[in-house]
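For reference, the structure is listed below as structure tokens.
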Amino acid sequence: MMDFLQYDFARQAMLAGVLVSIACGVVGTYVVVKRIVFISGSMAHIAYGGIGLGYFLGINPIWGAFAFTALSAWGIGFINYRAGQKEDTIIGIMWAASMALGIILIQMSAGYTADLMSYLFGNILTVPREDLIFTGVLDIIILLVVYCFFEEFRAVAFDEEFARTVGVNTEKIYLLLLFLIAMTVVVMIRAVGVILVIALLTIPPTIAAQYTSSISRMMLISVLLGSIFTVGGLWLSFYLDLASGATMVLLAVAGFFISLALRGIKNRRLMVVEERNNFYENG
Amino acid sequence: MEKETTAVEIKNLWVKINGRSILEDVNLKIKEKDFLGIIGPNGGGKTTLLKVIAGLIKPYRGEIRVMGEDRIRPGYIGYVPQYAYFDYEFPITVEEVVLSGRLKHKKGRRFSAADYRIAHDKLKQVEMYSFRKRQIGELSGGERQRVLVARALAVEPKILLLDEPTASADKGFVADFYELLCELNREMTIILVSHDITAVSRYVKTLACMNRTLYYNEDKILTYELMEKVYPCPVDLIAHGIPHRVLMPHEGVVGER
């Protein structure tokens, strides 16, 4: 671990991993409890169109991704309240259209294709300092928004209709949540890439949910787990010479199965104890 | 002298969802402190009617007044939705569920001590106070239902709307639950939707039949004999959802949500 840490780029990458974990632990908790994994995944892929546009215009592709996901958040929010049952079909079309657009735009701005893979699968080792600051600022915004609207988010996630009957502007709260997801997706693209965003957004909160029934604790555990998966995955990928984003995701998946197994053992032990108690009680 | 006020007044209400009419020309006038039971086959629009009164669905045509106001003001309505459609793995405690009834009153970021006191009072009223730190998924069907009632009561509403509250609860719970409603009825108007006519008819003050449109006569106090006169459709027929010639035939099943 020590010789890995002596590299400047490695320390920077670790910092990037932790910063990303903060955003995806907090926002991912809402994604999991409100069951909007499909919507979040579509936003990650829609970002690809923005990346293409960034290349085409010769600006930092992250800004293009940010513009596209923010627009898609607004679009999805609008569809949710206007389009009725066709919601998922329309989102699917947006998903495909934006990815296709991204590919065409990148093709039209030749010479950058080597970097293309880093947006699909991520490369945390090449995250520039500018993007690190951007991630830090977005983390602060996300934490502030969640801090201010914690009760509203919880109520809307649990029972949107009831929240509406007591006068909560649920459309606004839902849109705000979609914007938070948009921001999170953008900061995650550098680290794990478009395709793997969903894994880091959903696996830590899913594990956390097995151990707590409080949203705030779920967020805290998710941030810690996310940090372990990103930093650990980075370290593993460095020594095993593997793609960093994919290694992080596989580590997270392994973590998920280990926690499932541990839970299984715990439940079985509880059952044994219960049986024993029943045995003594009955005679 | 106290004037008798109207809790809910609906005139010529039509509701269309995706171009299909779910409610047709509904007229209804409910006095304050009434206990109205609405029965009818599944897909007859009972849930839709409740949602219109709760302000969740906008009418296509017609007028609705709640407590004399033509705007549905949050705080007048305590809504107890259909039990089955929740995610009971949601990480939320009983206390947090009930507190969400105080969202309109919350000032600033957190709930006040007064909000907690009201939430606790309502939990005591439904005899769920000792469960307040439990996760919602750890409760039985009947216990959850009582928590949802406590949440609606935390709004301190004038009108309580209940959608199939006893649908998935055990038999022992049902009688107790209706006793609780009768007690609450002393302070507020109650509108209850159910397809379980035998349970409903024992406790409500007035009864309406719903199938696309509403068959209702506000002055009748329910007895089996009277009901058969006013709604000439035998009880069992409605309960089993078989259309009677008095009711409109229900072609296809209309989604209730």
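Naming: A, B, ... by sequence-line order, numbering from 1 per chain. Side-chain atoms are counted along with the backbone in the values below, which use heavy atoms only and exclude waters and symmetry mates.
- At a 4.5 Å heavy-atom cutoff, the contact between A:V166 and chain B is made by backbone and side-chain atoms alike.
- Looking at B:V97, only its side chain comes within 4.5 Å of chain A, counting heavy atoms on both sides.
- A 6.0 Å sphere centred on CZ of A:F179 holds more than 12 heavy atoms belonging to other residues, nucleotides or ligands.
- Between chain B and the options A:M218, A:R217, A:R35, the largest number of non-hydrogen pairs under 4.5 Å is found for A:R35.
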Practice problem: Evaluate salt bridge (Lys or Arg N to Asp or Glu O under 4.0 Å) for A:E161 paired with B:K51, printing each intermediate quantity in order. | Solution: CA-CA 9 Å; A:E161 285 198 326; B:K51 286 190 177 181; 3.0 Å; yes
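- Relative to the six-membered ring of A:F150, B:R109 misses at least one condition, a distance below 6.0 Å or an angle of at most 45° to the axis.
- Closest approach of A:S214 and B:P91 over heavy atoms only: N-CB, 4.1 Å.
- Interface remark: A:R154 contributes backbone and side-chain atoms alike to the contact with chain B (heavy atom separation under 4.5 Å).
- B:Y76 does not touch chain A: none of its heavy atoms, backbone or side chain, sits under 4.5 Å away.
- Around atom NZ of A:K34, more than 12 heavy atoms belonging to other residues, nucleotides or ligands sit under 6.0 Å away.
- The OG1 atom of A:T165 sits 11.5 Å away from the NZ atom of B:K104 when rounded to the nearest 0.5 Å.
- Here the CD1-CG distance, from B:I136 to A:D159, works out to 10.5 Å after rounding to the nearest 0.5 Å.
- Ionic pairing of B:K106 and A:E152 is present here: one or more N-O contacts between side-chain nitrogen and carboxylate oxygen are shorter than 4.0 angstrom.
- With a 4.5 Å cut-off on non-hydrogen atoms, B:E89 touches chain A through its side chain but not through its backbone.
- For the atom pair A:S213 OG and B:E138 CD, the distance stands at 6.5 Å (nearest 0.5 Å).
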Self-check item: Verdict with reasoning, A:F162 to B:V155, per side chain to side chain contact (heavy atoms under 4.5 Å, CB included)
Solution: CA-CA 11 Å; A:F162 181 82; B:V155 178; 3.9 Å; yes
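- Of the listed residues (B:I77, B:I92, B:L148), the greatest number of heavy-atom pairs within a distance under 4.5 Å of chain A belongs to B:I92.
- Neither the backbone nor the side chain of B:R102 comes within less than 4.5 Å of any heavy atom in chain A.
- B:F90 and A:F158 have their aromatic ring centers within a separation under 6.0 angstrom.
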